[in-house]
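Shown next, in structure tokens, is the structure this report addresses.
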Amino acid sequence: EPAAPIDCFYVYPTVSTDATPNSDMTPDPAELNVIRQQFARFASKCRPYAPMYRQVTLAGLRIRLAGGTSGSSLSRGVQYDDVRDAWRYYLDHDNNGRPFVLLAHSQGSFILDELIRNEIDGKPIQPRMVSAILLGATLSVPRGKDVGGSFQHVPLCHSATQTGCVITYVSFRSTIPPPGNTLF
């Protein structure tokens, strides 16, 4: 929606079917489909931005999991660099001082967690962040606190009307509880 009052910046989850550990910059059908399924509906409320990035592929994720790496390893490397560069380009060329919402799922949430920590938390741009919706990843927050773990200045959301905060959750089937070693 070109006349929307806010922008939405979306980083999609691990879906690339490329056989390499990191995807290339050519979107495969799975990458395009997840953007349509998860993000396209936001375009009725905001100006959408969904950068391509060289994400860790499904094949690369299997290799990392077999090696015992944590989810935080998904937020470091070319995948983070690509999203950070897209974020900076968006700010320099498309944002024009507008408020924004950050949206992500899974690997995208790990990347935006890192991006918020490095580029937004406690920085002059923070007041323009309407919210960050980081699904399928875990943020650390000290018990009884809203900040102090993953972020020093960006709090958890507590109400539907609160802004400048983070919404995060992970869901599991009631019949299949999460394993003790889950990334989430």
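Numbering of residues begins at 1 and proceeds along the displayed sequence. Keep in mind it's a predicted model, so treat the numbers as computed, not measured. Below, all heavy atoms of this structure are taken into account, side chains as well, without hydrogens, waters or symmetry copies.
Side-chain contact between V154 and V147: absent, with no pair of heavy atoms (C-beta onward) separated by less than 4.5 Å. Under the 4.5 Å side-chain criterion, counting only non-hydrogen atoms from C-beta, I35 is not in contact with N33. In this structure, I6 and R47 have side chains that are not in contact, with every pair of non-hydrogen atoms separated by 4.5 Å or more. Looking at heavy atoms from C-beta onward, D94 lies in side-chain contact with Y89 at the 4.5 angstrom threshold. Residues L58 and V15 form no side-chain contact, since every pair of their non-hydrogen atoms from C-beta on lies 4.5 Å or further apart. Between C157 and Q162 there is a side-chain heavy-atom pair separated by less than 4.5 Å. Counting heavy atoms from C-beta outward, Q126 and H153 have side chains that approach closer than 4.5 Å. The side-chain heavy atoms of T138 and F110, taken from C-beta on, include no pair separated by under 4.5 Å.
Of all heavy-atom pairs between P99 and V130, the closest is CB-CG2, 3.6 Å. Contact between P48 and A43 at its shortest, heavy atoms only, is CG-CB, 3.8 Å. Between M129 and I120 the shortest heavy-atom distance is SD-CG2, 4.3 Å. Contact detail for R98 and P5: the closest heavy-atom pair is NH2-C, 3.7 Å. Considering all non-hydrogen atoms of both residues, T14 and S106 come closest at OG1-OG, 4.1 Å. Nearest heavy atoms, A132 versus I116: CB-CD1, 3.7 Å.
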Under the side-chain contact (heavy atoms from CB on, under 4.5 Å) rule, what do Y10 and V101 come out as? Steps first, then yes or no, please.
CA-CA 8 Å; Y10 169 74; V101 172; over 6 Å; no
I would like to know whether C46 and D7 meet side-chain contact (heavy atoms from CB on, under 4.5 Å); could you show each step before the answer?
CA-CA 5 Å; C46 60; D7 294 342; 5.7 Å; no
I'd like to know whether N118 forms a side-chain contact (heavy atoms from CB on, under 4.5 Å) with Y80, so could you lay out the CA-CA distance, the side-chain angles of the two residues, the decisive distance to 0.1 Å, and finally the verdict.
CA-CA 11 Å; N118 295 332; Y80 174 78; 3.0 Å; yes
Taking it one step at a time, do L103 and F9 satisfy side-chain contact (heavy atoms from CB on, under 4.5 Å)?
CA-CA 6 Å; L103 300 148; F9 188 92; over 6 Å; no
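Judged purely by atom type and a 3.5 angstrom limit, S131 has no side-chain atom pairing as donor or acceptor with the backbone of V166. Using modelled atom types, one side-chain atom of T168 and one backbone atom of L134 make a donor-acceptor pair closer than 3.5 Å.
Checking Q55 against N22 by side-chain atom types alone, no donor-acceptor pair falls below 3.5 Å. A side-chain N or O of D28 and one of T17 form a donor-acceptor pair less than 3.5 Å apart.
Proximity of the aromatic rings of Y90 and F100 is defined here by a centroid distance below 6.0 angstrom, and this criterion is not met.
When each of D82, D85, D24 is checked for a salt bridge (charged side-chain N to carboxylate O under 4.0 Å, His left out) with R54, only D82 meets the rule.
We find that E119 and R88 are joined by a salt bridge, their nearest charged nitrogen and carboxylate oxygen being less than 4.0 Å apart.
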